[in-house]
Amino acid sequence: MSEAILYTVKLFASLKEHVGREEWVYEGDVALTAKELLHAFFDQYPDLGKLRIATRIAVNQAFCHEDLSVNPDDELAFIPPVSGG
Amino acid sequence: MSEAILYTVKLFASLKEHVGREEWVYEGDVALTAKELLHAFFDQYPDLGKLRIATRIAVNQAFCHEDLSVNPDDELAFIPPVSGG
Amino acid sequence: MISVTREPIDTATLDKNAVDPACGAVLTFSGTVRNSHHHHLVKMLSYEAYEPMAQRELEKVVAECKRRWPDLRKVQVVHRFGKMDVTESSVYITVSSPHRGDAFVGLRYIIDNIKKDVPLWKKEFYENGESEWLHPEDGCSPDHLTLREDVNV
Amino acid sequence: MISVTREPIDTATLDKNAVDPACGAVLTFSGTVRNSHHHHLVKMLSYEAYEPMAQRELEKVVAECKRRWPDLRKVQVVHRFGKMDVTESSVYITVSSPHRGDAFVGLRYIIDNIKKDVPLWKKEFYENGESEWLHPEDGCSPDHLTLREDVNV
């Protein structure tokens, strides 16, 4: 049997508030792409609605291609639409 | 015989420097339009060259139509191209 | 100075540092906390930052701006996070350029891209006791879902 | 504050007065004396003003700007004349607006029109001892040769 893969993703703003935690942890058997990790999160929290299609993922503090395969050692963060300025 | 008409026009920047005075005085027999007054000035100072076509006249501290008939009692000024900012 | 900070912005120092003898135009943009939003009375704001990434993204925005308008001599950006009151500056940008055209487009580029890509989020607290995170739907740049190398710039 | 003055510009007071609780964007433009122009080294500048008309024209520019962009809440312009050194501000403009779009176009409108229609003239004094009045050929607005009523706006 293969070892479980753990992804820990930072949450911000309404994502953090909705989940009630600063991080979300995903446990699975196979490595995921950025897009699959985003889908797994929003599948678990369907009430987040339109944020599903507008949220991006950051890998090691940079936006990444949605097909990028994500490494459990990466620093991961979900970036909902920003509102600085 | 009609009385002479005197126009006194304020000069600025290179016009003032070229003429060497703060005002230019025109004396004639008939009332002039703004355009005629400008032409009379630049005819007298042909060395001013290209400023001839770029200089505007201000009547009572406002730019005016070139066909306006000018009154000797008006406050008159020649406005070469401006360079504020 | 390109910085994401919790401290109030020292605009006087930024203004002083924006002056450059080779520049004829210094533009500044101050993003200030407004007292209303969509007819809600705003009492106070709080910005959350993904701090290290916000710093990096801010630096990227400025680097790209200087690449596009190389005549810009100085660009400074400070974005504050944490709580702030109405009329306080949340972001302050200065752009110094020999000629004004570059300064205008460069400044506009910076503020527009901060609002797209720098991970900072605004929470408004209203006079009626409610509060809301702002996640503008037009606020994200889908280009960033693709790798930089894939994008035709 | 809309003013043509021989005094150094009090930018700190203008900045303070530009803040407005209804505004989310405050833009400022500082026109500063550059150390070079067309490869001449500039030592010093002197602006001449047709003072009362410059004041009137400045007020007209601001009034037209507010007419075009009525959401602008505050506009301030101070233009200095007389002698000034490199890095000093010859003109300082602030524009305060609920949203940044209006502030950008309004500010651009004001500085562009100052350079067309406000009777102020710059004389540059160069390091080599020469000096020159600047009369940019594109700096005048031919519309003003016709009466306002004749112009289709």
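To find a chain, count down the sequence lines: A is the first, B the second, and so on, and within it residues start at 1.
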- Message: I'd like to check D:R108 versus C:R108 (side-chain heavy atoms, cut-off strictly below 4.5 Å). Are they in contact?
- Response: no
- Message: To the closest 0.5 Å, what do you measure between OG (C:S30) and CZ (D:R100)?
- Response: 13.5 Å
- Quick one: of D:P98, D:G31, D:S96, who has the most non-hydrogen atom pairs under 4.5 Å with chain C? D:P98
- Query: So which of D:I93, D:D112, D:T94, D:V91 has the biggest tally of heavy-atom pairs under 4.5 Å with chain C?
  - Reply: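 The residue among D:I93, D:D112, D:T94, D:V91 with the greatest pair count is D:D112.
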- Among residues 8-25 of chain C, residues within the sub-4.5 Å heavy-atom range of chain D, in order of number, are C:D15, C:V19, C:D20, C:P21, C:A22, C:C23, C:G24, C:A25
- Taking only heavy atoms into account, what residues of residues 80-90 of chain C are found under 4.5 Å from chain D? C:V86, C:T87
- Are D:F29 and C:T28 close enough, and set up right, to give a side-chain contact (heavy atoms from CB on, under 4.5 Å), and what steps lead you there? CA-CA 7 Å; D:F29 177 91; C:T28 69; over 6 Å; no
- Query: Using non-hydrogen atoms only, which part of C:L107 is less than 4.5 Å away from chain D: side chain, backbone, both, or neither?
  - Reply: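 For C:L107, backbone and side chain are both near chain D.
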